[in-house]
Amino acid sequence: MHKSNEIVIVGDGFAAAIMVIHLLRKGVPASSITLIGPGEIGRGNAYSCASQSYRLNVREDLLITFSDDPLHFARWAQSHIHDPEAKTTAGYFYRRHDFGRYISELVSHELGLRQLKRIPTKVTQILRRGDDWTLSLSNQDQLIAKQLIIATGNAPPSWPCNVNTKLASPTWIHTHLVENPWAGEYLQEVGSHEDIILLGGGLTALDAINALVEQGHRGMLYVISPRKIFPPVQAPWQRQQEPKWPKQLSPRRFIRFMREYLPSVDAATSEWQCSWEELRVNLNTIWQQFSSKQRLILLKRVGWIWSLYRFRASPQTIASYEQLRAKNQIHFILGRAQLISCAEPNIKVLLDNGYEAVGERIINCTGVGVDPLLSNLITSQLAIPDDLQQSIAVDNNLRVLDSNQKAWENLWLIGPATMGSLGDVVAASAITKQAEQLAEQMKMRV
């Protein structure tokens, strides 16, 4: 058992790194911070990409790590990144790998000659121990935290349906069933003429498409999705005004106002995206005013629309998709997967409408999975589910709520997992604001 640690941060990706950076900038001693995570700090699932074809889906000026210096990354990129393909008419869309390098360097810069205690493993369980927290680690060790910040980011994707692998060898399964494609290592194994199934039609699928096009893929790509549509390409938008939202909003009035505010033009135009981004400014405040029932109503009615237009694609990835479409090399198959069956050399996917898709490799592009650590907190009755039943609930100060809906005084959650409680918390700028907010609180506690 380790001795008690003052501040423990669980995670090694962007949320954890930006939390460390802002704690240090607020004067919190590095010696009082312990960070637990197996990977290089700052990279996590999103930015530890082996593939150089994976690009950020937002332009460089929107990746904000300091609210008082919003163009910090844009300046750094100009002098530290050589990427001629990043420039588009909508701005610079850099490789995700390079943004991870930027965050790692930020941490090193803020630390200087100081040392940050790192434990390169995973946390498997969190339990209450008096006024402190006991963390069980995957290396069979334990650690005590006086103050605990969970910053694990997006959980890796898992298969959305049953997978039958009885008729295939373990080696073949490992290389041909790609459950987590975020790092992109699987691309090295793909044969140029393979027929590939992409399970899901969002940004992860577009990452795969862009990477496969760049390495000259000639086989067919089959996209299994409920709808025959990809997120629109990012346009060179700029906010022009702030909408005047009506008072006493209900879900119905909320949806009606958004529809009336958005212009009747294509979603890929600058005009439409300007309006959309203007609406987003106040969405978190509005979301937090809705009841649990109202939030569920909104998720049911417009959840898929939100995901489609909120997570727009880089121009590079859409150009790759259009290239495949012009060659009739990509085909949408509408439906949801019910069963994946393997019998070398083929993979079959049975859909809910009875259709069966066949390919030689399948890539899981369905998005975020379930974080077992957060699920464990709910099972242990140390936390409660958020209104969307996708994570754990927090208050406006990022404190985790216990089974009595009372906030713990020394347990916080930051990052995308707070979305169900707080609203649109996905972009780097939103997570940065959370880290700045929490660092301000923490400097008074150390």
Side-chain angles (χ1 to χ4, degrees), residues 12-22 24-25 39-112 151 153-154 182-184 203-204 206-207 210-211 213-214 231-239 270 273-274 277 280 310-320 415-416 425-436:
D12 55 24
F14 176 79
I18 205 68
M19 190 70 248
V20 169
I21 289 166
H22 285 288
L24 295 172
R25 284 169 66 92
E40 181 181 351
I41 184 169
R43 293 195 179 275
N45 288 315
Y47 307 118
S48 58
C49 310
S51 173
Q52 295 293 309
S53 300
Y54 285 6
R55 290 193 175 272
L56 298 162
N57 72 306
V58 294
R59 63 181 191 247
E60 82 286 8
D61 61 313
L62 300 177
L63 291 155
I64 299 173
T65 50
F66 305 107
S67 294
D68 58 356
D69 187 6
L71 296 181
H72 190 278
F73 171 66
R75 293 197 308 274
W76 182 92
Q78 286 293 319
S79 57
H80 290 80
I81 299 176
H82 177 69
D83 182 9
E85 301 301 319
K87 186 177 181 180
T88 75
T89 56
Y92 287 82
F93 292 78
Y94 289 104
R95 300 183 183 99
R96 294 219 302 264
H97 176 86
D98 285 327
F99 185 70
R101 179 164 60 92
Y102 161 73
I103 296 300
S104 295
E105 289 190 16
L106 274 185
V107 174
S108 297
H109 175 77
E110 291 298 332
L111 280 170
N154 286 320
W182 287 353
L203 293 181
T204 303
L206 285 170
D207 280 339
N210 190 53
V213 167
E214 289 194 359
V233 64
Q234 289 277 12
W237 58 267
Q238 295 289 341
R239 295 185 181 99
S270 296
Q273 292 185 23
C274 285
E277 293 297 327
R280 281 188 55 213
R310 165 66 180 84
F311 301 103
R312 299 187 299 276
S314 71
Q316 294 94 332
T317 59
I318 292 297
S320 291
V425 187
V426 181
S429 58
I431 300 172
T432 290
K433 288 180 181 179
Q434 288 189 338
E436 290 173 335

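Throughout, residue positions are numbered sequentially from 1 according to the sequence presented.
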| note | Residues at least two apart in sequence or cross-chain that pass ring-ring contact (aromatic ring centres under 6.0 Å, His included) with Tyr47, listed by chain then number, are Phe99
| query | Considering all heavy atoms of both residues, which atom of Ser51 and which atom of Ala211 are nearest to each other, and what is their separation? | reply | OG-CB, 4.1 Å
| request: Under the side chain to side chain contact (heavy atoms under 4.5 Å, CB included) rule, what do Trp76 and Leu106 come out as? Steps first, then yes or no, please. | output: CA-CA 10 Å; Trp76 182 92; Leu106 274 185; over 6 Å; no
| Electrostatic pair Lys433:Glu436 at N-O distance under 4.0 angstrom | no
| field | Exceeds 12 heavy-atom contacts within 6.0 angstrom, atom CD of Glu85 | value | no
| request: With the side chain counted from C-beta on, respond yes when Phe14 and Leu63 share a heavy-atom pair under 4.5 Å apart, and no when they do not. | output: no
| remark: In this structure, OG of Ser429 is separated from CG of Leu62 (nearest 0.5 Å) by 7.5 Å
| request: Please report the shortest heavy-atom distance between Ala17 and Val107, naming the atom on each side. | output: CB-CG2, 3.9 Å
| request: Flag the pair Arg55 / Asp83 as yes when at least one side-chain heavy-atom distance between them is below 4.5 Å, and no otherwise. | output: yes
| task | Report the C-alpha separation of Arg101 and Arg43 in whole Å, then their side-chain angles, then the decisive distance to 0.1 Å, and conclude whether the side chain to side chain contact (heavy atoms under 4.5 Å, CB included) test is met. | result | CA-CA 8 Å; Arg101 179 164 60 92; Arg43 293 195 179 275; 3.4 Å; yes
| query | Backbone N or O of Tyr54 within a donor-acceptor pair of the Arg96 side chain at under 3.5 Å? | reply | no
| remark: Interatomic distance, OG1@Thr88 vs CD@Gln234, rounded to 0.5 Å, equals 9.0 Å
| said: Determine whether a donor-acceptor pair (N or O, by modelled atom type, separation under 3.5 Å) exists between the side chain of Glu110 and the backbone of His22. | reply: no
| Between Gly153 and Pro416, which heavy-atom pair has the shortest distance, and what is it? | CA-CD, 4.1 Å
| request: Identify the two heavy atoms, one from Phe73 and one from Glu60, that lie closest to each other, and give their separation to 0.1 Å. | output: CD2-O, 3.6 Å
| field | Flag for Arg312-Gln273: side-chain donor and acceptor within less than 3.5 Å | value | yes
| note | Given the options Leu203, Asn57, Val233, Asn210, Thr317 meets side-chain contact (heavy atoms from CB on, under 4.5 Å) only with Asn210
| query | Within the distance-only criterion (no hydrogens, no angle test), does the side chain of Asn45 pair as donor or acceptor with the backbone N or O of Trp182 below 3.5 angstrom? | reply | no
| said: Please give me the minimum heavy-atom distance between Ala235 and Ala90, naming the atom from each residue. | reply: C-CB, 3.8 Å
| note | Output for pair (Glu40 CD, Ser48 OG), nearest 0.5 Å, gives 9.0 Å
| Between Pro231 and Ala313, which heavy-atom pair has the shortest distance, and what is it? | O-CB, 4.2 Å
| message | Is the shortest side-chain heavy-atom distance between Arg59 and Tyr92 below 4.5 Å? | response | no
| said: Would the distance check show the side chain of Ser104 and the main-chain N or O of Ile41 forming a donor-acceptor pair, the cut-off being under 3.5 Å? | reply: yes
| field | Separation of Arg280 CZ from Arg239 CZ (nearest 0.5 Å) | value | 6.5 Å
| field | Ring centers of His80, Tyr94 separated by less than 6.0 Å | value | no
| message | Rounded to the nearest 0.5 Å, what separates atom CD1 in Ile103 from atom CD1 in Ile18? | response | 5.0 Å
| So do Phe66 and Ile21 actually touch side chain to side chain, heavy atoms under 4.5 Å? | yes
| query | With no hydrogens and no angle check, is any side-chain donor or acceptor of Thr432 less than 3.5 Å from a backbone partner on Ile64? | reply | yes
